Amino acid sequence: MDSLGFRTDLMLLALQGSEITSHDGHVVVRTPENPSYHSGNFLLLIAPPAPGAVSSWVAEFSREFPDASHLLLGVDGTAGEFGSPDEVAAAGLIPDLSTVMTASSVHLPLHPNESATFRMLTPEDWAPMTEMREACNVDHEPAAYRAFVRPKMAALRRLQEEGHGGWFGAFLDGLPVAGLGIFTDGSGIARFQSVNTLPGYWRQGLAGTLVYEASRYAFSRLGVRTLVMVADPDDAAIRLYRSLGFEDSETQAQLFRPTSPTTAG
């Protein structure tokens with residue numbers, strides 16, 4: 001696997017108990033306990049689709065996931081190549097390019113938050129943190145997002161309990177207002193998950209300080225040498241990650257079919 005983004009995707013999915021099966025030309029990733037988790041139920045192509053092959057990969061996804069309400073194809077590589085744009089469009093798919101960022105050290109944000117408490121979740125924190133993530137959802141129908149995020153957070157809680165990393169929160173008056181996860185399989189690489197801040201608490205230095213504190217934990221307690229963050233290149237947050245010491249390393253490509261707001265993941 002060339003892509004560090006997909007390598008760390010599969011690392012975390014394997015730790016969470018997803019089924020990962022290699023085939024000729026592709027990998028099938030399946031998360032039976034959370035079928036609404038799009039990024040846990042997809043095909044990963046080992047190379048961009050050959051000319052004329054996009055429709056066959058769409059059909060292969062349908063054979064593997066006949067009941068899925070979504071369609072997602074990952075494309076291994078580091079330069080964001082995904083095959084013929086015309087064929088992709090003709091198949092009703094949209095390319096989604098993300099920036100894979102890495103850091104071997106981090107520093108405090110320019111304006112760190114000094115009001116919140118930053119720490120790993122305790123058992124009592126998981127329910128309010130999950131509710132906070134639900135409150136951050138603006139893209140999906142609430143019930144559909146809830147059906148995705150609750151089993152997802154339960155799986156990540158198990159990873160924390162097993163010592164693979166943790167979910168960290170920024171707390172004000174005892175309640176979480178921002179959160180993220182960072183996990184590793186012990187290989188020296190750790191991957192960040194889902195940096196969220198409640199609306200109304202943006203631009204207060206919460207996310208940057210939280211990334212910094214979680215990074216320090218990963219370096220000092222998990223024996224991590226490389227941090228991996230995958231970000232939307234068009235999102236303002238990518239500038240924050242760069243300011244902390246993360247550098248752009250590669251471009252990750254996926255192809256998806258638009259779904260209704262009643263699906264999530």
Side-chain angles (χ1 to χ4, degrees), residues 9 12-13 15-16 31 33-34 36-40 98 106 108-109 111-162 164-184 190-218 221 227-232 235-241 244 246 261-265:
D9 281 333
L12 291 186
L13 288 164
L15 288 173
Q16 293 170 64
T31 307
E33 67 178 22
N34 195 351
S36 64
Y37 179 21
H38 296 184
S39 297
S98 300
V106 294
L108 274 168
H111 301 291
N113 183 283
E114 298 178 351
S115 301
T117 299
F118 299 87
R119 59 174 173 81
M120 187 185 292
L121 300 194
T122 65
E124 294 75 20
D125 294 325
W126 284 91
M129 180 61 75
T130 302
E131 292 170 2
M132 190 219 76
R133 287 199 64 188
E134 292 174 17
C136 291
N137 166 49
V138 296
D139 297 321
H140 307 286
E141 192 277 327
Y145 188 77
R146 190 178 306 117
F148 150 71
V149 78
R150 293 192 175 187
K152 174 67 172 175
M153 289 297 281
L156 294 171
R157 179 176 181 173
R158 291 194 297 271
L159 293 194
Q160 177 173 308
E161 292 169 348
E162 293 167 359
H164 294 293
W167 202 272
F168 287 76
F171 293 82
L172 288 170
D173 298 323
L175 295 176
V177 294
L180 58 78
I182 186 165
F183 297 95
T184 181
R191 171 73 180 267
F192 276 94
Q193 293 280 279
S194 303
V195 182
N196 295 124
T197 302
L198 271 177
Y201 293 90
W202 297 346
R203 299 180 180 86
Q204 296 182 26
L206 291 164
T209 308
L210 194 56
V211 170
Y212 171 75
E213 294 294 345
S215 298
R216 290 180 62 216
Y217 161 82
R221 300 289 296 277
L227 301 172
V228 180
M229 177 86 73
V230 178
D232 182 342
D235 195 308
I238 197 168
R239 294 195 295 273
L240 168 64
Y241 306 142
L244 296 172
F246 285 82
T262 59
T263 65

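Because the structure is a prediction, the values reported are computed rather than measured.
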S.K.: Taking all non-hydrogen atoms of both residues, which atom of Val230 and which atom of Ser98 are closest, and how far apart?
M.R.: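 Scanning both residues completely, I find the closest heavy atoms to be CG1-CB, 3.6 Å.
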S.K.: Taking all non-hydrogen atoms of both residues into account, name the closest pair between Gly208 and Leu240 and its distance.
M.R.: N-CD2, 3.7 Å
S.K.: Do the rings of Phe148 and Tyr37 sit parallel, tilted or perpendicular, given the 30° and 60° boundaries?
M.R.: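 Plane angle between 30° and 60°, so tilted.
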S.K.: Quick one: closest heavy-atom pair of Leu121 and Gln160, and the distance?
M.R.: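 That would be O-NE2, 3.0 Å.
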S.K.: Quick check on Phe171: does its CZ atom have over 12 non-hydrogen neighbours (other residues, nucleotides or ligands) under 6.0 Å away?
M.R.: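 Yes - once you tally the heavy atoms of other residues, nucleotides and ligands closer than 6.0 Å, there are more than 12.
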S.K.: Once you round to the nearest 0.5 Å, how far does CG of Leu156 lie from CG of Leu12?
M.R.: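 Here the interatomic distance stands at 8.0 Å.
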S.K.: Is the Phe183 ring parallel, tilted or perpendicular to the Trp167 ring (thresholds 30°, 60°)?
M.R.: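 Geometry flag for Trp167 against Phe183: tilted rings.
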S.K.: Which value, rounded to the nearest 0.5 Å, describes the distance between His111 atom NE2 and Arg203 atom CZ?
M.R.: 13.5 Å
S.K.: Report yes if some heavy atom in the side chain of Thr209 is under 4.5 Å from a heavy atom in the side chain of Glu114; otherwise report no.
M.R.: no
S.K.: Please walk me through it: do Thr31 and Gln16 pass side-chain contact (heavy atoms from CB on, under 4.5 Å)?
M.R.: CA-CA 9 Å; Thr31 307; Gln16 293 170 64; over 6 Å; no
S.K.: Let me see the working for Ser115 and Leu172 under side-chain contact (heavy atoms from CB on, under 4.5 Å), right down to the final yes or no.
M.R.: CA-CA 7 Å; Ser115 301; Leu172 288 170; 4.3 Å; yes
S.K.: For the pair Arg119 and Glu213, find out whether any cationic side-chain nitrogen is under 4.0 Å from an anionic carboxylate oxygen.
M.R.: no
S.K.: Would you say Asp125's side chain and Thr122's backbone share a donor-acceptor pair under 3.5 angstrom?
M.R.: yes
S.K.: So, Asn196 side chain and Gly179 main chain: donor-acceptor pair closer than 3.5 Å or not?
M.R.: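 No; judged by distance alone, with no hydrogens or angles, the pair does not exist.
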S.K.: Run Val211 and Val106 through side-chain contact (heavy atoms from CB on, under 4.5 Å) and show every step you take.
M.R.: CA-CA 9 Å; Val211 170; Val106 294; 5.8 Å; no
S.K.: Could you tell me which residues satisfy salt bridge (charged side-chain N to carboxylate O under 4.0 Å, His left out) with Arg158, sequence neighbours excluded, listed by chain and number?
M.R.: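 For Arg158 the salt bridge (charged side-chain N to carboxylate O under 4.0 Å, His left out) partners, ignoring immediate neighbours, are Glu33.
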S.K.: Between Leu180 and Ser194, is a side-chain contact (heavy atoms from CB on, under 4.5 Å) present by the stated rule, with each step listed?
M.R.: CA-CA 5 Å; Leu180 58 78; Ser194 303; over 6 Å; no
S.K.: For residues Phe168 and Met120, report the shortest heavy-atom separation together with the two atoms involved.
M.R.: CD2-N, 3.6 Å
S.K.: Can any side-chain N or O of Trp126 pair as donor or acceptor with the backbone N or O of Ala154 at less than 3.5 Å?
M.R.: no
S.K.: In the structure I gave you, are the side-chain heavy atoms of Cys136 and Thr197 within less than 4.5 Å of one another anywhere?
M.R.: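 No - every pair of side-chain heavy atoms lies 4.5 Å or more apart.
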S.K.: Can you give me the closest heavy-atom contact between Ala170 and Leu206, atom names plus distance?
M.R.: CB-CD2, 3.9 Å
S.K.: Is there a side-chain contact between Ile238 and Asp235 (heavy atoms, below 4.5 Å)?
M.R.: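 No, too far: nothing below the 4.5 Å cut-off.
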S.K.: Got a second to check how far Tyr212's OH is from Phe118's CZ, nearest 0.5 Å?
M.R.: 12.0 Å
S.K.: Calculate, to the nearest 0.5 Å, the distance between atoms OG1 and CG belonging to Thr184 and Leu227 respectively.
M.R.: 9.5 Å
S.K.: Quick check for you: to the nearest 0.5 Å, what is the distance between Leu175 atom CG and Met129 atom CE?
M.R.: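 The distance works out to 10.5 Å.
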S.K.: Would you say CD of Glu161 has more than 12 non-hydrogen atoms from neighbouring residues, nucleotides or ligands within 6.0 angstrom?
M.R.: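 Enclosed.
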S.K.: For Ala218 and Ile182, which heavy atoms make the closest approach, and how far apart are they?
M.R.: CB-CD1, 3.7 Å
S.K.: How long is the straight-line distance from CD of Glu131 back to CZ of Arg150, given to the nearest 0.5 Å?
M.R.: 6.5 Å
